[in-house]
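All remarks here apply to the structure that follows.
Note that the structure is a prediction, hence the values are computed from the model and not measured. Residue numbering restarts at 1 for every chain, and letters A, B, ... go by the order of the sequence lines.
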Amino acid sequence: MTPVPRGITHPAPSGEEPTGRRSDARERLVKAHLGLAEQIARRFANRGESREDLAQVAAVALVKAADAFDASMGYDFPAFATRTIVGELKHHFRDKGWAVRAPRRVQELYLEMNAAVAELTQQLGRSPTVREIAAACERSEGDILAAIEAGQGYRATSLDARGEHGRTLLERVEGTRAAAGLHDELAELSPHLDRLSLREQSILRLRFAEELTQSEIAERLGISQMHVSRLLRSAIDTLRAAYAEGE
Amino acid sequence: MDARIELTLPARTDFFYLVRLHVAAVASRIDMTLEDVEDLHLAAEELCMSLLSLSPSAPDRLAVEIAWDPTVIAITCRLIGEADLGRPTGAWTNEGFPELLSTRILDALVDEHGVTMDGDQPTTWLRKRRERPLPGP
């Protein structure tokens, strides 16, 4: 892990300085705080966006923070950069993550809930109940139910995006499939499955032919159970649409 | 069953979220896990969709009953009336979606499911038991 410098002294990119010095100062700030940006991006992981995308958003936000930082205002750069990076990441999720627009309050609760579900699942060794999630988020069960429903509009991560091990989610799914020696029961059921993408076929096979639970699929693929739920819905919807068009 | 909710809604997919909401609320009341809630989301929609494919005519409305006791949720779905002008605009067509595939999906999501016929009118149903969460650490 890259050490995070805290409260380092740095020159302010004020208008008084020559351009070369400002550029150098900016570069030093960015280099010194890339670890901070990566740390913050990791805090937003497991919410349906690839780590690479999040790291890139955080890095761009860091550059913005370095551009905008003015030490004469009396702020500490790490604190200033953290606020900027967190703001940009939230903005990224709000703007890029939702196929169906949900109120900002609900979107943010959904993201908060995702993080709580991951933590509770780890603590409890099972999927948490709505009551447990509500207690962890200090919200009502009604709020959590609204967030779960809103999550249906959350866009699933591109399965073509490269993950932390350099493989796409699709490749991880296919690797799992090959390792498990999956039978093609679903394919026998329906020639129209061939009209689906490999990723959609794979998710359906894991859940409905192998009958893995959502949590088991999530563990195999290294994604959250809620993400698996969204992918399943998407696969079924796509399959149904393929049938409707094919008849 | 101790308690029940009855809904009637247009036979259109854009109203199925109402079924999801009520099913999730009931599942939450009996402390089902989030995973079970999300399985029930998919299953309830599949139940409604499969009913449309079994309908002998273009359905107008669906009647959905959600009944529960502390350990199990049961959902039944039946048709009400007929549309005068065929399927309403925006209604989901389930035509061609293989019944066997619907069956396979429901097999994986719930404990029991099936179809009962009253004359030529089908009713689809499912039951899902709560797996009591183990006490946490």
Side-chain angles (χ1 to χ4, degrees), chain A residues 113 116-117 120-134 141-142 144-146 148-153 185-186 188-193 204 206-216 218 224-226 228-230 232-233 235-237 239-247, chain B residues 13-14 16-50 52-53 87 90-111 130-137:
Chain A
M113 185 184 82
V117 167
L120 285 168
T121 302
Q122 182 82 16
Q123 278 175 14
L124 302 171
R126 59 165 169 80
S127 173
T129 65
V130 172
R131 192 190 309 268
E132 289 163 341
I133 299 165
E141 290 178 42
I144 299 301
L145 290 170
I148 292 171
E149 178 59 29
Q152 305 300 320
E185 184 178 348
L186 283 177
E188 288 170 17
L189 282 171
S190 160
H192 279 291
L193 274 174
L204 285 175
L206 287 172
R207 184 67 185 92
F208 301 121
E210 273 216 340
E211 296 199 6
L212 297 186
T213 66
Q214 291 185 21
S215 294
E216 287 167 340
S224 73
Q225 174 256 308
M226 295 181 75
V228 171
S229 174
R230 290 194 297 272
L232 277 174
R233 175 179 298 279
I236 292 172
D237 286 350
L239 183 59
R240 204 182 296 278
Y243 272 89
E245 288 168 10
E247 291 297 312
Chain B
T13 50
D14 46 348
F16 288 176
Y17 77 95
L18 292 170
V19 179
R20 289 201 306 265
L21 276 176
H22 285 80
V23 166
V26 168
S28 169
R29 284 181 74 89
I30 65 168
D31 264 345
M32 282 189 162
T33 65
L34 179 64
E35 183 164 1
D36 282 344
V37 171
E38 293 194 321
D39 275 353
L40 272 170
H41 264 168
L42 288 170
E45 279 194 336
E46 196 59 44
L47 200 69
C48 295
M49 297 286 195
S50 61
L52 296 188
S53 69
R87 253 177 236 283
W92 183 267
T93 169
N94 206 39
E95 289 163 9
F97 197 71
E99 189 182 334
L100 197 50
L101 192 53
S102 269
T103 299
R104 200 73 179 89
I105 289 170
L106 287 169
D107 283 348
L109 297 174
V110 299
D111 295 299
R130 184 192 68 173
E131 299 294 333
R132 183 176 292 279
L134 299 169

For A:Gln214, which atoms come within 4.5 Å of any heavy atom of chain B: side chain, backbone, both, or neither?
both
Counting only heavy atoms closer than 4.5 Å, note whether A:Thr121 contacts chain B via side chain, backbone, both or neither.
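For A:Thr121, no heavy atom lies under 4.5 Å from chain B.
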Distance-only, no hydrogens or angles: does the A:Arg207 side chain make a donor-acceptor pair with backbone N or O of A:Leu212 under 3.5 Å?
yes
Charged N to carboxylate O below 4.0 Å: is that the case for B:Arg130 and B:Asp31?
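Looking at B:Asp31 together with B:Arg130, the answer is no, because their closest N to O distance does not fall below 4.0 Å.
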Qualifying residue, where the test is side chain to side chain contact (heavy atoms under 4.5 Å, CB included) with A:Ile144 and the options are A:Met113, A:Glu132, A:Glu149:
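By the side chain to side chain contact (heavy atoms under 4.5 Å, CB included) criterion, A:Ile144 pairs with just one of A:Met113, A:Glu132, A:Glu149: A:Met113.
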How long is the span from the OG1 atom in A:Thr129 to the CZ atom in B:Arg29, to the nearest 0.5 Å?
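CZ of B:Arg29 is found 14.0 Å from OG1 of A:Thr129.
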Please classify the contact between B:Asp36 and chain A as side chain, backbone, both or neither, with a heavy-atom cut-off of under 4.5 Å.
neither
